[in-house]
Amino acid sequence: MHIVEAWGTGIPRIINRCNEYGLPEPVFEEFGNGFKVVLFKKVSNTFEDYIPLLNAVGATDIYINNIRIVYEHCRVDTLFGQTNVMEWLNCSKSKATNVMNVLKMANAIEKVKGFGPGKYRFLDLKD
């Protein structure tokens with residue numbers, strides 16, 4: 001049928017791709033007349049991973065709670081800005097600015113270019 005690119009290259013390519021993405025190597029298990037491959041997904045952050053960063057800059061419990069609300073709306077993969085914070089916290093622009101400033105001081109977020117001005121995302125602390 002000529003559908004195989006090259007014999008014996010699939011498993012090493014799977015392992016290499018997992019290594020490239022920082023994932024654990026897959027587990028190959030033989031059973032019966034077949035085999036099973038277990039691929040592991042990347043473990044993402046939980047909000048609790050950010051609390052030591054926030055505590056280090058003296059964030060109050062109120063700020064930490066507000067930042068938790070922001071985190072629950074966007075997690076690590078979603079871009080957000082001051083307008084989003086205002087909406088999610090139902091707050092004024094100055095309060096949203098203060099929340100963003102605490103996140104910046106704690107190095108919990110990073111600025112993302114190419115998606116308009118003032119777009120940020122939570123840092124992936126598991127990298």
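Judged by distance alone, the side chain of Y50 and the main-chain N or O of R68 form no donor-acceptor pair under 3.5 Å.
Of the inter-residue distances, the one linking L79 atom CG with K111 atom NZ reads 12.0 Å to the nearest 0.5 angstrom. The CE atom of M105 lies 8.5 Å from the OH atom of Y63; values are rounded to the nearest 0.5 Å. N65 CG to T60 OG1: the interatomic distance, rounded to the nearest 0.5 Å, is 9.5 Å. The distance from the OG atom of S92 to the CG atom of N98 is 8.0 Å, given to the nearest 0.5 Å. Separating the CD1 atom in I67 from the CG atom in L103 is a distance of 4.0 Å, to the nearest 0.5 Å.
In the hydrophobic clustering of ILVMFWY residues, with side-chain heavy atoms under 4.5 Å counting as a link, Y120 and V112 come out apart. In the hydrophobic cluster analysis, where Ile, Leu, Val, Met, Phe, Trp and Tyr join through side-chain heavy atoms closer than 4.5 angstrom, F35 is grouped together with I14. A continuous path of ILVMFWY side-chain contacts below 4.5 Å connects I64 to I69, so both sit in one hydrophobic cluster.
The 12-atom threshold is exceeded at CZ of F28, counting heavy atoms of other residues, nucleotides or ligands nearer than 6.0 Å. Counting non-hydrogen atoms of neighbouring residues, nucleotides and ligands closer than 6.0 angstrom, the CD atom of E30 reaches no more than 12 such neighbours.
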Under 3.5 Å, sequence neighbours excluded: what are the donor-acceptor pairs made by side chains of residues 81-91?
{"from": "Q82", "atom 1": "NE2", "to": "K93", "atom 2": "O", "distance (Å)": "3.3"}
{"from": "Q82", "atom 1": "NE2", "to": "T97", "atom 2": "OG1", "distance (Å)": "2.1"}
{"from": "N84", "atom 1": "OD1", "to": "G81", "atom 2": "N", "distance (Å)": "2.8"}

Are I109 and Y71 close enough, and set up right, to give a side chain to side chain contact (heavy atoms under 4.5 Å, CB included), and what steps lead you there? CA-CA 10 Å; I109 59 174; Y71 180 80; over 6 Å; no
Between N19 and I15, does the side chain to side chain contact (heavy atoms under 4.5 Å, CB included) criterion hold? Intermediate values first, please. CA-CA 6 Å; N19 290 332; I15 293 170; 3.7 Å; yes
Derivation of the side chain to side chain contact (heavy atoms under 4.5 Å, CB included) call for E72 and F47: CA-CA 8 Å; E72 288 172 354; F47 181 74; over 6 Å; no
One pair to check against side chain to side chain contact (heavy atoms under 4.5 Å, CB included): L54 and V102. What are the steps and the verdict? CA-CA 8 Å; L54 298 169; V102 169; 4.1 Å; yes
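For L125 against D49, the heavy-atom pair with the smallest separation is CD1-O, 3.5 Å. The two residues L39 and P26 have their closest heavy-atom pair at CD2-CB, 3.6 Å.
Residues satisfying the ring-ring contact (aromatic ring centres under 6.0 Å, His included) criterion with F80, sequence neighbours excluded, are F122.
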